[in-house]
Protein chains: 2
Amino acid sequence: MVFAEKGFREATIREICQRAGANVAAVNYHFRDKEGLYEAVLTACRNDHRNPENHLAMDSTVQPAVRLEAYVRWMFRRVLALDREFPLGQILNREMIEPTPALSRIVEVHIRPEARWLASLMRDLLGPTFSRDELSRATMSVVGQILFYKHCSSVIHFLDETLMPRRDDFEAHVRHVTEFTLAATAGLRARRESETPLTATTFDSSSPEPFCKSPNVH
Amino acid sequence: MVFAEKGFREATIREICQRAGANVAAVNYHFRDKEGLYEAVLTACRNDHRNPENHLAMDSTVQPAVRLEAYVRWMFRRVLALDREFPLGQILNREMIEPTPALSRIVEVHIRPEARWLASLMRDLLGPTFSRDELSRATMSVVGQILFYKHCSSVIHFLDETLMPRRDDFEAHVRHVTEFTLAATAGLRARRESETPLTATTFDSSSPEPFCKSPNVH
DNA sequence: TTCAGAAGTAAACCGTTGTTTGAAACTAGT
DNA sequence: ACTAGTTTCAAACAACGGTTTACTTCTGAA
């Protein structure tokens, strides 16, 4: 989709219509204006991308380390996917740099559920002695490691193209991020639980889990 | 600078000149065209940003853990800096999403030296038993954790604004990334050195260090 | 068959943006 | 004071992009 390649601003209605074999005026007729078309595309993407096939990571009976690796692999696959396969990724990229009013909905529909799920996985890895904010930061450390390859891909390409994970071969990267994270969480947990007596000071369990629905809903 | 706020494409010569109190035609007279102005701005930024004040991290007599924390703190400060203070950051953001011919030079001048330096610090943390690629990936894990807060700031804001480090208070984030990384490297190193007999199989020391100057120079 | 409303279309409209132009203002050497 | 070269500027130019318009074509119920 043109929006994914060029971003909202640079995508021209004329090019979109040329590729789609449609008339320029049809956009304004059916979607009121360019922004209306954009939102229509977004909801279409949302439907496309439901039901991710990462069953392993979702299976709560599997041990956390395996679930983490499955999640990392799944996320790498999305990060490296072609725009055709996962147009939302590129669109999200643009929204980061210059948000449009559509970002709020994208976050609520796509990001927040995934963030909460990953946070609960990180809770399993870190144990109950970490605060909500500590847990959130650890969660962001994981996704940050992976998203780096998306956001900085052009720089990586210039630095050393062999470091960029390839669509058909990124197992080494999956294993690195997984093991880096597992080593970190295990180390942090061991230190924390040796510092504080494991009886008391488990954190206030009434405090909400990370990434709960915030007050600012659209 | 307008380029930093809006990106190359969306920055209009008229707005730039209005803010600068100059005439629109002056740009074409002095810099040939818009792209010439852009490159002039970039070299100006380069000169502005020389000589970073992270002496502690650079001091190789200090122990690696302290240097890492100093580096993380320095990088967070840049990531959270206002555009006025560090315009190159925002410009680099844009270049990631849609690179212009100027990106190559930015990488060689700014990114590669820093990447090599950080990789050598990571070498100190991880020891000699890790390959060049493993070392590179660990390096990227560190910067990925920090850059996440820049590239995803708008999403973080929607998810839970309290998680976004503030310009005047990001020590908790610095400590998290530092400790997360130290725990990861310590864990990985301990595992590696217990697996392999510490005598042999230290990696081929003739293999070049990460982020060496690649063949594709502009 | 008729015809009212929906859908599609080419052309025009209007604002914006990078660039050019031609003349005026300025500078410095003689 | 004169002049050659440089710098500045307002206006115009040309291209582009989103939107509107006026018209045609299509569709389906009466």
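Proteins come first, then strands; the chains are lettered A, B, ... in the order of their sequence lines, and each starts at number 1. All of these numbers come straight from a predicted model, not from anything done at the bench.
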DNA chain D-proximal residues of residues 6-27 of chain B, any heavy atom under 4.0 Å: Arg14(B), Asn23(B), Ala25(B)

Candidate list Val143(B), Val72(B), Leu68(B), test side chain to side chain contact (heavy atoms under 4.5 Å, CB included), partner Val177(B), passing option: Val72(B)

Between CZ on residue Phe76(A) and CZ on residue Phe170(A), distance to nearest 0.5 Å: 8.0 Å

Contact summary for Leu80(A) and Met164(A), nearest pair of heavy atoms: CD2-CE, 4.2 Å

Between C1' of dG8(C) and CG of Asn28(A), the distance in whole Å: 13 Å

Cationic N near anionic O, under 4.0 Å, Glu10(A) to Arg94(A): no

Along DNA chain D, first and last positions that approach a heavy atom of chain A under 4.0 Å: dG17(D) to dT21(D)

Pairing of Arg73(A) and Glu171(A) as salt bridge, 4.0 angstrom limit: yes

Distance in Å, Ser153(A) OG paired with Leu163(A) CG, rounded so as to fall on 0.5 Å steps: 13.0 Å

Mutual orientation of the aromatic rings belonging to Trp117(A) and Tyr71(A) [parallel < 30°, tilted 30-60°, perpendicular > 60°]: tilted

Integer-rounded Å distance: dA7(C) P and Tyr29(A) OH: 4 Å

Salt bridge Glu114(A)-Arg78(A), side-chain N to carboxylate O under 4.0 Å: yes

Side-chain N,O (His30(A)) to OP1/OP2 (dA6(C)) below 4.0 Å: no

